[in-house]
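Right, one structure below, let's go through it.
Just so we're on the same page: letters track the sequence lines, and every chain starts at 1.
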Amino acid sequence: MQTDYDPRAIEAAAQHYWEENQSFRALEDPSREKFYCLSMFPYPSGRLHMGHVRNYTIGDVIARYQRMQGKNVLQPMGWDAFGLPAENAAIKQGIPPSQWTRSNIADMKAQLKQLGFGYDWGRELATCDPDYYRWEQWLFTRLMEKGLAYRARATVNWDPIDQTVLANEQVIDGRGWRSGALVEKREIEQWFVRITDYAQELLDAIDTLDGWPERVRIMQRNWIGRSEGVSMDFAIAGSDQVLGIYTTRPDTLMGVTYVAVAAEHPLAREAATHDPELAIFIEECRQGGTSEAEIETMEKKGYRLGIHAVHPVTGEPVPIFAANFVLMGYGTGAVMAVPAHDQRDWEFAERYGIPKRAVIRSADGAPCGIEQAAFTERGVLFDSGPFDGLTSEQAFDAIADWLAERGKGDKRINFRLRDWGVSRQRYWGCPLPVIKRSNDEVRAETDLPVRLPEDLVVDGSGSPLERMADFYALPNGETRETDTFDTFFESSWYYARYCSADCDTAMLDERARYWLPVDQYVGGIEHAVLHLLYARFFHKLMRDEGLVECDEPFANLLTQGMVVAETWFREDAEGRKHWFNPAEVEAERDDKGRLVRAVLAADGQPVTFGGVEKMSKSKNNGVDPQALTERYGADTVRLYTMFTSPPDQSLEWNDEGVEGAFRFVRRLWSLAIGEAEAIRSATVPTALDEAARDARREIHTALKKALFDYERHQFNTVVSASMTMVNVLYKLEPSPARAGVLREGVGILLRLLAPIAPHVTHHLWRKLGLGEDILGAGWPRVDEEALKQDAVAYVVQVNGKVRGNVKVPADADKEAIQAAALADEQVGKFIAGKTLRKVVVVPNKLINLVA
RNA sequence: GCCCGGGUGGCGAAACUGGUAGACGCAAGGGACUUAAAAUCCCUCGACCUUGGUCAUGCGGGUUCGAGUCCCGCCCCGGGCACCA
């Protein structure tokens with residue numbers, strides 16, 4: 001097969017055609033059904049990586065598919081342009097973050113265009129553009145007016161040498177990434193947005209998101225973490241202070257043997273003033289990270305404050321501990337502890353010799369056995385004074401009522417979700433539109449946008465804005481806030497701004513009401529909670545400002561899996577690993593194709609397999625999409641990424657697989673070009689012989705499968721079905737019907753593949769005289785007549801095991817099928833001497849004889 | 001630690017509501033074409049024994065005429081955890 005398939009030329013020509021015809025420009029048209037398809041916009045890191053290619057190919061396939069269904073499709077693209085990497089690059093290379101970011105955007109845009117994605121570039125936006133961020137500043141001032149934004153103290157990672165706040169990412173093994181200093185926890189004043197006011201609505205509305213993957217809905221429910229419990233006050237012995245705690249297990253109240261407070265809790269601080277060892281303990285607790293994973297996995301430590309809390313029911317004193325696992329930022333910064341019925345409390349009590357008081361046992365009366373571990377199940381109360389004999393559920397209410405009557409506590413619904421801390425002590429972000437008065441009061445800036453000064457170089461110690469009086473000092477003695485927004489703030493509403501990208505009088509206009517909600521959102525599973533929850537929240541804030549009408553931003557969500565690849569390394573004398581790119585590694589295989597040994601191509605010496613990992617610089621297992629596109633063309637890269645795995649699973653990269661995809665595109669090309677004359681002059685298939693009928697049946701069976709798979713976004717099997725079609729058409733015997741079957745088959749095939757491999761199908765569609773523009777060609781339909789068969793093959797099972805195959809007329813009834821099955825020689829052998837007890841027939845599939 | 005996924009040939013995977021396990025492709029082996037190579041085309045390809053069977057979807061149980069699919073209990077791998085995006 002000789003081909004002159006030249007992806008470079010036909011892809012450039014197709015892209016030129018789309019640009020000339022403004023094929024992807026989206027216009028509001030209330031008479032047409034709209035479809036808004038959105039892929040998560042990239043952070044402009046400089047180069048597209050395979051994760052982007054996968055994400056955007058999935059989005060583009062869906063957008064083009066919907067368009068071919070006749071919908072009015074909007075597919076925009078933009079840039080999540082603020083963020084830490086720009087500052088890191090600035091520190092390393094001495095370039096202003098703005099310059100670095102904008103040049104990256106230019107590079108990445110060129111790469112996206114090369115891949116042939118059908119974006120409406122007229123709506124492009126970058127979040128670092130003042131025309132964009134002025135509107136989130138405006139919304140924030142509205143939130144301040146409504147009391148939905150407020151200031152409070154919060155814990156951050158503090159680098160004592162660089163005198164700067166560190167992101168979790170910048171804390172490595174408890175030390176600052178640049179200074180190497182031990183990181184401390186520090187409380188500083190921060191801005192928060194009251195997402196907890198919307199917690200119940202955010203939770204309830206999850207039930208309406210039936211176009212979202214169940215696992216994402218579960219994660220969001222867990223993240224919001226609604227719990228029903230009781231808040232109550234413990235008096236402090238010998239003081240008129242009270243200590244407030246919250247518990248979801250008030251039924252265990254009678255088993256409380258101690259109370260724990262955060263190291264930063266006022267009670268602990270106060271006790272430390274006359275206990276130097278406690279002061280040291282509190283100081284120790286300040287070291288270590290602030291992330292949940294770190295706090296949960298670190299060694300649980302405590303220190304007796306020497307004061308006691310009074311049990312609200314028994315009046316008995318219980319010791320108060322300061323503990324490193326209690327966080328000041330959660331609830332009240334204090335917890336009641338029941339070692340007998342909570343595993344963490346149990347371990348803590350073991351360590352510090354605190355008594356365990358069992359008060360719950362299972363309903364059957366068996367002892368609860370707390371010697372080895374806590375008994376954490378619900379059950380029946382004992383040794384609980386007035387509450388003896390109640391079930392846990394009854395005791396919940398009884399104890400809550402008992403406390404409420406005495407003014408010591410109340411039932412309360414709590415959420416794990418905390419208010420969203422939106423301020424960051426960083427330069428490359430959107431400035432908070434806040435002005436500080438001299439008396440520590442604040443007011444909202446009215447003159448928007450507050451422009452971020454660009455062309456500043458950062459050096460890694462603190463924010464340069466704090467040293468820039470031109471920015472923060474105002475003539476009347478007031479000062480401007482130098483914090484910037486969390487970059488999640490920008491990414492929480494960009495989907496809406498695309499609709500009204502050029503509107504300079506408001507955040508959004510009526511066009512947003514035409515396009516929203518997004519019909520299909522596509523992005524990484526790593527955003528399952530944070531970004532997707534913040535965006536849902538932001539949408540409700542905009543709704544409450546009258547900017548949008550619907551309640552939820554994303555009707556359907558597709559979370560694609562990661563792109564992973566093999567890793568290979570060698571260890572040097574010091575035990576350090578050096579990673580080699582899989583492209584430099586050669587495999588040696590045995591005659592069954594099994595891997596025997598792998599060597600580095602450069603020196604022929606062995607390398608060690610390091611597992612399959614997410615593509616990353618640190619493991620040197622990345623593949624450059626641009627090099628690949630230049631070598632094989634965008635269609636092959638797109639086809640490969642769609643074919644190798646279903647979208648929601650991880651995709652394991654394999655260079656030989658790309659070769660296979662390239663082979664298929666060339667095979668399609670040579671089939672179409674080789675038969676071009678026949679196809680051009682053919683009409684609808686007529687005068688079908690048996691072979692032609694079989695071929696049509698196979699084509700339409702594959703089409704039926706492919707259409708179903710498009711709908712459920714399982715593109716890998718759409719490609720499989722296309723491959724089957726090519727194989728069928730290649731084997732087509734000469735006959736009077738041949739040209740007609742070819743024309744129909746290739747016509748189906750090209751349209752089926754058009755969303756996935758748009759360039760080659762665009763070219764061939766025109767070349768074969770099938771039409772002017774395949775984008776407007778409509779969608780192929782299954783011919784039910786072509787699927788019909790005279791005889792149906794049945795699998796014959798005996799006791800559930802396959803023993804034979806029989807062919808029966810399509811209209812055969814159960815008796816006829818059974819008779820045919822029993823007539824089979826093999827089946828007869830297994831039935832011989834037994835009596836038939838039962839016969840199960842699955843129509844058109846199988847018959848099971850139970851004997 | 002908590003939460004969420006995933007384990008099917010040498011490899012990526014398929015199997016629509018329980019109904020022929022391995023479609024489609026990669027790798028591998030054999031053959032054709034060619035002076036040769038590349039490209040292309042054809043055949044074989046889960047394991048084990050003798051046509052014909054037996055075993056096989058991470059492991060151990062269960063439900064069913066029938067289980068990759070449903071239920072119970074384990075093991076292993078990956079992702080997220082609030083200042084990475």
Name the nucleic acid region contacted by [X], choosing base, sugar-phosphate or nothing; use a 4.0 angstrom heavy-atom cut-off, strictly under.
X	answer
A:W420	nothing
A:P42	nothing
A:F664	nothing
A:F830	sugar-phosphate
A:K705	sugar-phosphate
A:H531	nothing
A:S650	sugar-phosphate
A:T297	base
A:M298	nothing
A:V802	sugar-phosphate
A:L84	sugar-phosphate

For atom [atom1], what is the distance between [N] and [M], given to the nearest Å?
N	M	atom1	answer
B:G10	B:G22	P	15 Å
B:U20	B:G66	C1'	12 Å
B:C65	B:C74	C1'	29 Å
B:C45	B:A28	C1'	8 Å
B:U8	B:A13	C1'	9 Å

Distance below 4.0 Å between [X] side-chain N/O and [N] OP1 or OP2:
X	N	result
A:T487	B:A85	yes
A:R803	B:U20	no
A:R424	B:C83	yes
A:R667	B:C41	yes
A:R215	B:G78	no
A:K801	B:C55	yes
A:Q797	B:A67	no
A:N848	B:G19	no
A:T717	B:A14	no

Once you round it to whole Å, what is the distance between [atom2] of [N] and [atom1] of [X]?
X	N	atom1	atom2	result
A:L532	B:A82	CG	C1'	14 Å
A:W669	B:U40	CH2	C1'	17 Å
A:E292	B:C83	CD	P	12 Å
A:E526	B:G5	CD	C1'	14 Å
A:E294	B:G1	CD	P	15 Å
A:I817	B:G19	CD1	P	18 Å
A:K731	B:C42	NZ	C1'	10 Å
A:F715	B:C16	CZ	P	18 Å

Check every atom of [options] against the side chain of [X] and return the nucleotide holding the closest atom.
X	options	value
A:R426	B:C83, B:A85, B:G5	B:C83
A:K845	B:G19, B:A13, B:C83	B:G19
A:P646	B:C24, B:A14, B:U20	B:A14
A:Q826	B:A82, B:G53, B:C84	B:G53
A:I218	B:C4, B:A15, B:G19	B:C4
A:V165	B:C83, B:C26, B:A85	B:C83
A:Q714	B:U40, B:G25, B:A15	B:A15
A:E169	B:A82, B:A13, B:C84	B:C84
A:V842	B:A82, B:G19, B:C4	B:G19
A:E656	B:C26, B:A85, B:C4	B:C26

Ion pair present between A:E299 and A:R351, side-chain N to carboxylate O less than 4.0 angstrom?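 A salt bridge is present here (some side-chain N lies under 4.0 Å from a carboxylate O).
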Lys/Arg-Asp/Glu bridge criterion (N-O < 4.0 Å) met for A:R221, A:E214: yes
For A:L668, run the side chain to side chain contact (heavy atoms under 4.5 Å, CB included) check against A:L729, A:D635, A:V726, A:L639 and tell me which one passes.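 Only match with A:L668 under side chain to side chain contact (heavy atoms under 4.5 Å, CB included): A:V726.
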RNA chain B: A:L417 or A:G660, which has the more 5' nearest nucleotide? A:G660
Given RNA chain B, 5'-ward residue of the pair A:N727 and A:D486, judged by closest heavy atom: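 Final value for this comparison: A:N727.
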Could you check whether the side chain of A:S720 and the base of B:A23 have a donor-acceptor pair of N or O atoms closer than 3.5 Å, going by distance alone?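 Indeed, a donor on one side and an acceptor on the other fall under 3.5 Å apart.
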Short side-chain donor-acceptor distance under 3.5 Å, [Y] and [X]:
X	Y	result
A:D419	A:T196	yes
A:S423	A:Q190	yes
A:R667	A:N727	yes
A:S179	A:D159	yes

Evaluation steps, ring-ring contact (aromatic ring centres under 6.0 Å, His included), between A:F348 and A:F325: CA-CA 11 Å; A:F348 194 86; A:F325 58 86; 5.5 Å; yes
Between A:T127 and A:Y43, does the side chain to side chain donor-acceptor pair (under 3.5 Å) criterion hold? Intermediate values first, please. CA-CA 10 Å; A:T127 57; A:Y43 178 79; over 6 Å; no
Look at the aromatic rings of [X] and [Y] and report parallel, tilted or perpendicular, splitting at 30° and 60°.
X	Y	value
A:Y640	A:W653	perpendicular
A:F538	A:W420	perpendicular
A:H49	A:H52	parallel

Anything below 3.5 Å on both distances counts as a pair; with that, list the stems of at least three consecutive Watson-Crick or G-U pairs involving RNA chain B.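 Ordered by first number, the stems with RNA chain B (at least 3 consecutive pairs each) read B:1-7 with B:75-81, B:10-12 with B:24-26, B:28-32 with B:40-44, B:46-49 with B:52-55, B:58-62 with B:70-74.
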Under the rule syn = chi within 90° of 0, otherwise anti, which is B:G9?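 Because its glycosidic torsion lies within 90° of 0, B:G9 adopts the syn conformation.
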